[in-house]
Amino acid sequence: MIYYKTDEEIELIRQSCLLVCKVLTHVGTVIKPGVTGAQIDKEAEALIRDHGAVPGFKGYRGFPSTLCISVNEQVVHGIPSDKEFQDGDIVSVDCGTFMNEFYGDAAYTFALGEIEPEVMKLLSVTKTSLYKGIEKAVDGKRIGDIGFAIQEYCERKHKYGVVRELVGHGLGRNLHEAPEVPNYGKKGKGPKMRDGLVIAIEPMVNLGRKEVSQAKDGWTIISRDKTPSAHFEHTVAVRKQKADLMSDHTEVEKAIANNPNVNEVPLMQAESIKAI
Ligand code: MG
Ligand code: MG
């Protein structure tokens, strides 16, 4: 069952998403080698509760933390730990909030210190693919158009592995609603999108092969060949002319620009992005 949102509901989802982005901006300010995921997680929870909201992930199917923090070969669903981040780590931070009865969801991958050029390129391609997917989130197009755009760019053009087992999703009063939004697919296939559909689009892309496995903690997803994995996510509302972004990475990226320990992730050059 797909729930289409009213304009009022979309504004509430936007507020939840902007709080998520406030958290990611805080992360962008404080993250550096030597800091731990557990520290950042604690600060994220306090920030969310200060705004009268609650963490969206904590307790969800028993997940123990406010943030999913996934380092290097960890794809998603990593549990924040007391292990210090190292120079050269890429750290995916995924955050959900619940406020005024609606969820928000967004993620960003932070590149700490000196990063291999091929890993920086993975981040740029994955981030660019997110916007290529968002360009297709328009009334009348189909869910498969989003997946096709992401897969075409990451897999066929750049030879990375697009993760199959985890997908984007509708959201609203529930963190995960129909439809599923795969990062792979066929043009013109899948459910038709209509004005008012709110979805999280979140490419998860491995430098190597697409296969993943689950760690012993029962949560963390890892690339099976242990190559680095990138993850960027926005929540968007499908509209008639173009998608309306509920989440916004602008402030996150300003924080990164001011943080000497974190590298900016530029969009791939020569790609014209119409979504933003
Ligand atoms: Mg997320
Ligand atoms: Mg999500």
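Because the structure is predicted, anything quoted here is derived from the model rather than measured. Both ligands and their constituent atoms are indexed starting at 1 by order of listing.
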- Message: Taking 2.8 Å as the limit, list every protein N, O or S atom around the Mg ion (ligand 2), by chain and residue number.
- Response: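 Those protein N, O or S atoms (cut-off: under 2.8 Å from the Mg ion (ligand 2)) are Asp105 OD2, His169 NE2, Glu202 OE2, Glu233 OE2.
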- Message: Listing request: all ring-ring contact (aromatic ring centres under 6.0 Å, His included) pairs with a residue in residues 175-214, at least two apart in sequence or in separate chains.
- Response: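 ring-ring contact (aromatic ring centres under 6.0 Å, His included) check on residues 175-214 returns Tyr60-His176, His169-His176.
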- Query: Quick one: ring-ring contact (aromatic ring centres under 6.0 Å, His included) pairs with a partner in residues 9-34, sequence neighbours left out?
  - Reply: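 Those involving residues 9-34 do not exist here.
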- In this structure, which one of Glu253, Glu233, His231 forms a side chain to side chain donor-acceptor pair (under 3.5 Å) with Tyr108?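 So, applying the side chain to side chain donor-acceptor pair (under 3.5 Å) to Tyr108 and each of Glu253, Glu233, His231, only Glu253 qualifies.
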- Message: By the definition side chain to side chain donor-acceptor pair (under 3.5 Å), identify the one residue from Asn206, Thr126, Asn72, Thr109 that meets it with Ser229.
- Response: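 Exactly one pass, corresponding to Asn206.
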- Item | Pairwise salt bridge (charged side-chain N to carboxylate O under 4.0 Å, His left out) hits with a residue in residues 203-223, at least two apart |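 Listed by first then second residue: Arg209-Glu211.
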- Distance, nearest 0.5 Å, that separates CD1 of Ile90 from CD of Glu116: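 It is 11.5 Å, given to the nearest 0.5 Å.
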